[in-house]
Amino acid sequence: MAVNISIPKGTRDFLPLNMQRRNYIFSTLRNVFYLHGYQPIETPAMEDLSALLGKYGEEGDKLLFRILNSGNFLQNINDEELQQKNLNRLASHICEKGLRYDLTVPFARFVVMHRNEIIFPFKRYQIQPVWRADRPQKGRYREFFQCDVDVIGSNSLLNEVELLQIIEDIFIKLNINVTIVLNNRKILHGIATYLSCPDKLVVLTVAIDKLDKIGKDEVLKELSEKGFESNMLQKLIPVLEFSSKQSTNEEAINFISNIITDETGKKGIEEMNYILNYAKESGISTKIKFDVSLARGLSYYTGTILEVKAKDVEIGSICGGGRYDNLTGIFGMDGVSGVGMSFGADRIYDVLEKLNKFPKEVNESTKVLFVNFGVTEEKYCLKILRKLHSTGISAEIYPETGAKMKKQMSYADSKKIPFVVIVGENEIKSGKLSLKNMQTGEQKELNLTEIITLITSNIEQKTKY
RNA sequence: GUGGAUGUAGCUCAGCUGGUUAGAGCAUCAGAUUGUGGUUCUGAGGGUCGUGGGUUCGAGCCCCAUCUUCCACCCCA
């Protein structure tokens, strides 16, 4: 047996069952994205480090995987620099590339680079792995997939409404009950203004975001440690308390309208109203909750922010996103607003697994196995196989000539192949084929056309994962 | 990056205060059954006990280091 083989920390192999289930999720996402007019793009696994560094804050820079230059990467380093062992400076000399950390920043780079080749408003989706040198935990990996969908180059709130429709379509198809949580950074800005500290918006949002996790008192404690004065905190308490109790969206809007007086905040409320009304009118039936405690960590959001939570399982959010007004600005293209979201494929996988909601067809592979009795029979079967393939039925013949029947049947059984065709001397003489249904055990002698009809009617799910 | 646990067969786990040749269930393979799987019965293979050091007459068990996985922070999908 091989010794000492492993894969890097935080990475995974995917077995066929995993892959089929993952592809089921990915193709559901792709189909819905396509349905709403979004187009696929891909970007390279690596980007120039200059495109990545400084985009995710100080923490983010530490979590970037850097790629060592090829060739003699020390040739421009003098002994003095080597002796100093200043890691950051050395790294910047010997690494020019890094693995992508998310899909949003590469997308911004993509838009700026190809601005004359793409059609605005540009609606794209992108499903690719990203890498973070984080410490792995359950459900957290160093290599994981993000499924991003964004529209860039349009300020219209219709885009937000469309995202809500996409969420509804996807989770209906996946058969997961979800709640959409909405908020708006402008409203948070309004709250910060109400507390007379609009300059501390980021600290405030980071703390408020933890409300349902750590509770009101801890949030206040954290803010107090970050320099919030007690009169500010007193004013914040009713807001936190309101957010913790069940309320309708109308009540929430009323409550927040009484607090917010600044222009930006009012604009946020107006946007929230628009989105809630349009969502209702467009017939979205998924529960949408306006929650002032939703904040999201990322600092580039400027308007609507959203998260999707699974109702029947405790797992955190399975989708999140929001509007950003100037993402492409970091690459020198100002004034382009976008809105988008990211689906957590791994978490959706966990939800489906916990609730046992993967369709069982997902791990069916081939539909038909031809038993191999010997040289004459396998030649005979090959011709029939080609006919099945040409009608789109996936079929295979057991490759070992004349292998034991038991072995071939077990193969079909463990590969979950629903039909077995048995062609031996008798069948060749009669011109008919014996078709065995592996679920019922029933076996019939049929001709090829009958078999094709029967199998086709049995394939409910035509999509191949 | 900080703190804490964990590691025994492919998987889930037993293994006494350190004492012969480390066990079970499931899985795998073979046979019972040479044209019939999933059930049943019989049998077989598979472990340098995560890795490297140390203590000891003797280590799966004790000590140190290291890696893995997991948990809590930080941050995040």
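Because the structure is predicted, anything quoted here is derived from the model rather than measured. Reminder, nothing fancy here: chain letters follow the sequence lines and each chain counts from 1.
Cation-pi geometry between A:Arg124 and A:Phe107 is satisfied (NZ or CZ under 6.0 Å from the ring centre, within 45° of the ring normal).
At a threshold of 4.0 angstrom between heavy atoms, the contacts of A:Gln439 include nucleobase atoms, whether or not backbone atoms are also involved. Counting non-hydrogen atoms under 4.0 angstrom, A:Gly60 reaches nothing in the nucleic acid. Across all strands, A:Gly441 comes closer than 4.0 Å to base atoms (heavy-atom distances). At the heavy-atom level, A:Ser342 lies nowhere under 4.0 Å from the strands shown. Within the nucleic acid shown, A:Glu143 has no heavy atom closer than 4.0 Å to any nucleic acid atom.
Rounded to whole Å, atom C1' of B:G38 lies 14 Å from atom CD1 of A:Ile417. Here the P atom of nucleotide B:A77 and the CZ atom of A:Arg142 are 17 Å apart, to the nearest Å. B:A77 atom P lies 11 Å from atom CG of A:Leu103, rounded to whole Å. What separates CE of A:Met409 from C1' of B:G38 is a distance of 10 Å, to the nearest Å. In this structure, A:Leu63 places its CG atom 10 Å from P of B:C76, rounding to the nearest Å. The nearest whole Å value for the distance from the CD atom in A:Glu58 to the C1' atom in B:G1 is 12 Å. Separating the CG atom of A:Leu369 from the C1' atom of B:G38 is a distance of 15 Å, rounded to the nearest angstrom. Going from atom CZ of A:Arg347 over to atom P of B:A77 covers 9 Å, rounded to whole Å.
For the OP1/OP2 pair of B:U69 and a distance below 4.0 Å, the side-chain nitrogens and oxygens of A:Gln137 include no atom meeting the criterion. The side chain of A:Lys404 contributes no N or O atom lying less than 4.0 Å from OP1 or OP2 of B:G35. For A:Lys406, no side-chain nitrogen or oxygen approaches OP1 or OP2 of B:A32 to under 4.0 Å.
Between A:Tyr324 and A:Tyr301, the ring planes are tilted. Angles from 30° to 60° get that label.
The same atom, P, is picked in B:U34 and in B:A30; the two are 14 Å apart, to the nearest Å. The separation of B:A14 from B:A24, taken at their C1' atoms, amounts to 7 Å, rounded to a whole angstrom. With P as the reference atom, B:A27 and B:U21 are 32 Å apart, rounded to whole Å. A gap of 11 Å separates the C1' atoms of B:G7 and B:U51, to the nearest Å. If you take atom C1' in B:G19 and the same atom in B:C62, they sit 15 Å apart, rounded to whole Å. Nucleotides B:U2 and B:C67 have their P atoms positioned 12 Å apart, rounded to a whole Å. One C1' atom belongs to B:U36, the other to B:A77, and the distance between them is 48 Å to the nearest Å. The separation of B:G35 from B:C41, taken at their C1' atoms, amounts to 23 Å, rounded to a whole angstrom.
For B:G38, there is no paired base (Watson-Crick or G-U wobble, both distances below 3.5 Å). Partner assigned to B:U2 is B:A72, using Watson-Crick or G-U wobble distances below 3.5 angstrom.
Aromatic rings of A:Tyr101 and A:Phe65 (six-membered ring for Trp) have centroids beyond the 6.0 Å cut-off, not under it. For an aromatic pair to be called close, the ring centres must be under 6.0 Å apart, and A:Tyr398 with A:Tyr411 satisfies this.
Looking only at distances, a side-chain donor or acceptor of A:Arg100 sits under 3.5 Å from a matching main-chain atom of A:Thr43.
In this structure, of B:C75, B:U68, B:G35, it is B:U68 that holds the atom nearest to the side chain of A:Lys9. You'll find that the side chain of A:Arg140 is closest to B:A77, out of B:C71, B:A32, B:A77. Picking from B:G35, B:G37, B:C75 the nucleotide with the shortest atom distance to the side chain of A:Met438 gives B:G37. Nearest to the side chain of A:Lys436, among B:G1, B:U36, B:U69, sits B:U36. Out of B:C75, B:A77, B:A30, the shortest distance to the side chain of A:Lys210 is found at B:C75. For A:Gln443, the side-chain atoms get nearest to B:G35 when compared with the rest of B:C71, B:G35, B:A77. Nearest to the side chain of A:Arg296, among B:G1, B:A77, B:G37, sits B:A77. Considering only the side chain of A:Arg135, B:G3 comes nearest among B:G37, B:G35, B:G3.
Salt-bridge check for A:Asp102 with A:Lys55: failed, with every basic side-chain N at 4.0 Å or more from each acidic carboxylate O. One finds no salt bridge joining A:Asp48 and A:Lys97 here, because no Lys/Arg side-chain nitrogen approaches an Asp/Glu carboxylate oxygen to under 4.0 Å.
Side chain to side chain, A:Asn177 and A:Asp312 meet the donor-acceptor criterion of an N or O pair below 3.5 Å.
Both A:Ser317 and A:Gly10 sit near RNA chain B, but only A:Gly10 has its closest nucleotide nearer the 5' end. Nearest-nucleotide assignment on RNA chain B puts the 5′-proximal partner with A:Pro8, out of A:Ile214 and A:Pro8.
Under the stacking definition used here (centres under 5.5 Å, planes under 30°), the residue A:Tyr411 fails to qualify as stacked on the base of B:G37.
For A:Asp413 and B:G38, a side-chain-to-base donor-acceptor distance below 3.5 Å is absent, hydrogens and geometry of angles not being considered.
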